[in-house]
There are 2 protein chains.
Amino acid sequence: MRRLSGMARRRQAVTIKHVAADAGVSLQTVSRVVNKEPSVRPEMVARVQEAIDRLGYVPSIAAQRMGGSRSYLIVALNDRERTIADWRARQGTDWVDQMLLGGMLTCATYGYRMIVELVDTHSDHIARELMGAIAALQPDGVILTPPHSENPLIVDLLEAQRISFVRIGSRRAGAGFALTMDDERAARIATEHLIALGHERIGFIAGPPDYELSAWRVDGWRAAMADAGLADDLLASGDFGYASGQQAAVALLDAADPATAIIASNDQMALATLETCRDRKIVVPRDLSLISFDNTPIVRFTHPPLTAIDQPIAELAGRAVELIIAELGGREAPEQPIVLPAKLELRQSTAPRR
Amino acid sequence: MRRLSGMARRRQAVTIKHVAADAGVSLQTVSRVVNKEPSVRPEMVARVQEAIDRLGYVPSIAAQRMGGSRSYLIVALNDRERTIADWRARQGTDWVDQMLLGGMLTCATYGYRMIVELVDTHSDHIARELMGAIAALQPDGVILTPPHSENPLIVDLLEAQRISFVRIGSRRAGAGFALTMDDERAARIATEHLIALGHERIGFIAGPPDYELSAWRVDGWRAAMADAGLADDLLASGDFGYASGQQAAVALLDAADPATAIIASNDQMALATLETCRDRKIVVPRDLSLISFDNTPIVRFTHPPLTAIDQPIAELAGRAVELIIAELGGREAPEQPIVLPAKLELRQSTAPRR
DNA sequence: ATGAAAGCGCTAACAT
DNA sequence: ATGTTAGCGCTTTCAT
């Protein structure tokens, strides 16, 4: 057995003092060099930088924060319930992965770190949880993901705290930057693809109403149908869960004039639709074309692999980080929501209508 | 356009001072209550706690760290190259997800946060990168994952810094805790399952040698084969990549006395084997039984779904966090490597030998 | 059992 | 252009 209770209180190995002493300058000059302030003579910069490199000095973000500077921390807020459920289910939902890597790598290029936090959207103590995270971490910025992006409690709180934040998957004006992949356009593209294949009875399985993007996707589908002079009666609603997808699929397939093509608002509901077809000996894509709205890894391994909307999640996270850092730097930020377009990934689940 | 350059230097909303004033006690007493020190009268604790709750006070971890206490931060170190490659490929590798959630949720229960950091294993500036992260974040602990867990540079550096750390996927004694899923036993179980099904020509596709676990898995297979009196000549080596899996599969299937069952050391190589079989009209599991060593989401969606070793990655990460926090608390820690056993997940890719 | 004082590493504000 | 001073919010001494 080993005991380390007596572990020496760990101090910073090399501090700004050491560098200052080594370079024969004041603390402040070192600080200025570290923070790339303009008012330092080049020769001084060189001397200090040399000392920094030789000593391997890296500033402590805790101390920087205490000194009134940034924390170099960005918090990415995800929905607890949903994130944990997806993780437990192990069904290949790679949202967190895409989010984490996209945000993290961009953070790294700016000397920032990203911390993932989970909070319940449907909770009365949501304000307490959020305030706790903010008070503890003092992040320089917060990235909101759906459905938090539309949660007025969260948005108002962040605004009141004057923390710069980004709302991913939101188009609303207001506090924080809105960053979206344009769900409406994505749904439109998917629908138009099916129309081009000759389909006229195109069903749509919507997501839950607490995600605003659910409505946008329906809008896009509806608009494309209207443009083509087609009826938009084949709308079914789901909740992003597998079971709801089954029910929706059954409804669309059992309609008097049934669907010959279906767009599902996420991968689980698309998978459920595929399974429902298999049960009923409906062959995809021969008898039914199917499009998923999530390009998660599994939709490439189903039979047939699914044509899907590819959401630029990593890019959104990266861009979110850049917006926050830009605002911190006092740079002007766009008033208009930024749009990173989704693409339609063509695979084998869509075919011309028979 | 909006400018926020003049954003007021953000201060902690409610500090220990406010609580002290509100409760009519000294800073120190509040600190003692927060840190659950025993030497405070119950009535005092109650009074202070009431003020804390009412004011919604949460200590700043930056300030705590500056005061010489913990940082409440744990760094999880992953291999940069591999992690980025897996993420880009979007092939459903959910290692990071499992790692993150498992570690994060356990951290949360203890008031800790986990920060994922990527560093190159094969790099001369690895020491600099690691020291930079340590100096900047001052983490209370570090979780090492393969292949970092066996990297002497990293291990020695962490030991020298006296930072408590855990080596996941390692059995070596030495600094830091070793935490493993017992790869040897997992390989043995998989092999024995095939032997029980009547297979005698069982091939094994090994992983790259810079992962020690690659050798352990081979050992487990070899031991099981020896126990059953079977030859262990059907060993092929891969590098965890798809292409290497194809080559290995071809070698095992083209042997003079070919394999009737194959165990692949990871999912990509198992998938490659499955694809190779399909090309050659070898039906799985009728003609060949196949076991994957990764229970990633996709292996459930292949045809047939693959029998696979399920690695308890999330549990390992959670346990790693607990070990670090326990050591920080001065509690005794086990000298022996901790083993969280893997399970064999039976699906449809294994069948009795024909 | 509680309080007062000093200092952690850094930066902002104010000198020079 | 550089140095000096005074905190930031907290925890550790050390006193009482």
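Letters A, B, ... mirror the listed sequences (proteins, then strands); counts begin at 1. None of these values were measured; they are calculated from a predicted model.
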> Measure the distance from NZ on A/K36 to P on C/dC10 and round it to the nearest whole Å.
15 Å
> Calculate the interatomic distance between A/I16 atom CD1 and C/dA12 atom C1'; express it in whole Å.
13 Å
> Any N or O donor-acceptor pair under 3.5 Å from the base of D/dG3 to the side chain of A/R32?
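It does, because a donor-acceptor pair links the side chain of A/R32 to the base of D/dG3 below 3.5 Å.
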> Ignoring backbone atoms, establish whether B/S31 has a side-chain N or O less than 4.0 Å from OP1 or OP2 of D/dT11.
yes
> In whole angstrom, give the distance that lies between atom CG of B/L27 and atom P of D/dC8.
12 Å
> Need to verify one output field. Residue with the more 5' nearest nucleotide on DNA chain C, B/A63 or B/E43?
B/E43
> Go through the side-chain N and O atoms of A/T15 and A/H18 and say whether any donor and acceptor fall under 3.5 Å apart.
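A/H18 and A/T15 do have a side-chain donor-acceptor pair below 3.5 Å.
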> Distance check needed: C/dC10 C1' versus A/R11 CZ, whole Å only.
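About 15 Å, once rounded to whole Å.
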> Whole angstrom is fine here: how far is it from CD in B/Q64 over to C1' in D/dC8?
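B/Q64 atom CD is separated from D/dC8 atom C1' by 14 Å.
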> What's the closest nucleotide to the A/S39 side chain, out of C/dC10, D/dT2, D/dT12?
D/dT2
> Ignoring hydrogens and geometry beyond distance, is a side-chain donor-acceptor pair present between B/T121 and B/N151 at under 3.5 Å?
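Distance-only check fails for B/T121 and B/N151.
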> Output yes when at least one side-chain N/O atom of B/K17 is less than 4.0 Å from OP1 or OP2 of D/dC10, else no.
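The answer is no; no side-chain N or O of B/K17 sits under 4.0 Å from OP1 or OP2.
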> Output the rounded distance in Å from CG (A/L137) to P (D/dG9).
16 Å
> So which heavy atom on A/H148 is nearest to which on A/D120, and how close?
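Residues A/H148 and A/D120, closest heavy atoms: CE1-C, 4.2 Å.
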> Give a yes/no on whether any side-chain N or O of B/T29 is located under 4.0 angstrom from OP1 or OP2 of C/dG3.
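For C/dG3, OP1/OP2 do have a side-chain N/O of B/T29 under 4.0 Å.
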> Can any side-chain N or O of B/R167 pair as donor or acceptor with the backbone N or O of B/G176 at less than 3.5 Å?
yes
> Within the modelled atom types, does a donor on one side and an acceptor on the other bring the side chain of B/Q28 and the base of D/dT12 under 3.5 Å apart?
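Pair found.
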> Which nucleotide in the list C/dT11, D/dT11, C/dG9 gets nearest to the side chain of A/M66?
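For A/M66, the side-chain atoms sit closest to C/dG9.
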> If every non-hydrogen atom of A/M114 is compared with every non-hydrogen atom of A/L100, which pair is closest and at what distance?
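Residues A/M114 and A/L100, closest heavy atoms: CE-CA, 3.6 Å.
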> Atom CZ of A/R47 and atom C1' of D/dA1: how far apart are they, to the nearest Å?
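So the two atoms are 13 Å apart, to the nearest Å.
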> Quick check for you: among D/dT2, C/dT2, D/dC10, whose closest atom lies nearest to any side-chain atom of A/R41?
D/dT2
> Regarding B/V34, tell me which of base, sugar-phosphate or nothing describes its non-hydrogen contacts under 4.0 Å with the strands shown.
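No contact.
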> D/dC10 phosphate, OP1 or OP2: any side-chain N/O from B/Q12 under 4.0 angstrom?
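Affirmative; the distance criterion is met.
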> Phosphate oxygens OP1/OP2 of C/dG3: is one of them under 4.0 Å from a side-chain N or O of B/S26?
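It does, given that an N or O in the side chain of B/S26 lies less than 4.0 Å from OP1 or OP2 of C/dG3.
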> Let me know which of B/L179, B/V166, B/V155 forms a side chain to side chain contact (heavy atoms under 4.5 Å, CB included) with B/L144.
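Per the side chain to side chain contact (heavy atoms under 4.5 Å, CB included) rule, the option paired with B/L144 is B/V155, out of B/L179, B/V166, B/V155.
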> Looking only at side-chain N and O atoms, does B/Y57 come under 4.0 Å of OP1 or OP2 in D/dC10?
yes
> Report the distance from atom CD1 of A/I52 to atom C1' of C/dC10, rounded to the nearest whole Å.
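Taking CD1 of A/I52 and C1' of C/dC10, I get 13 Å after rounding.
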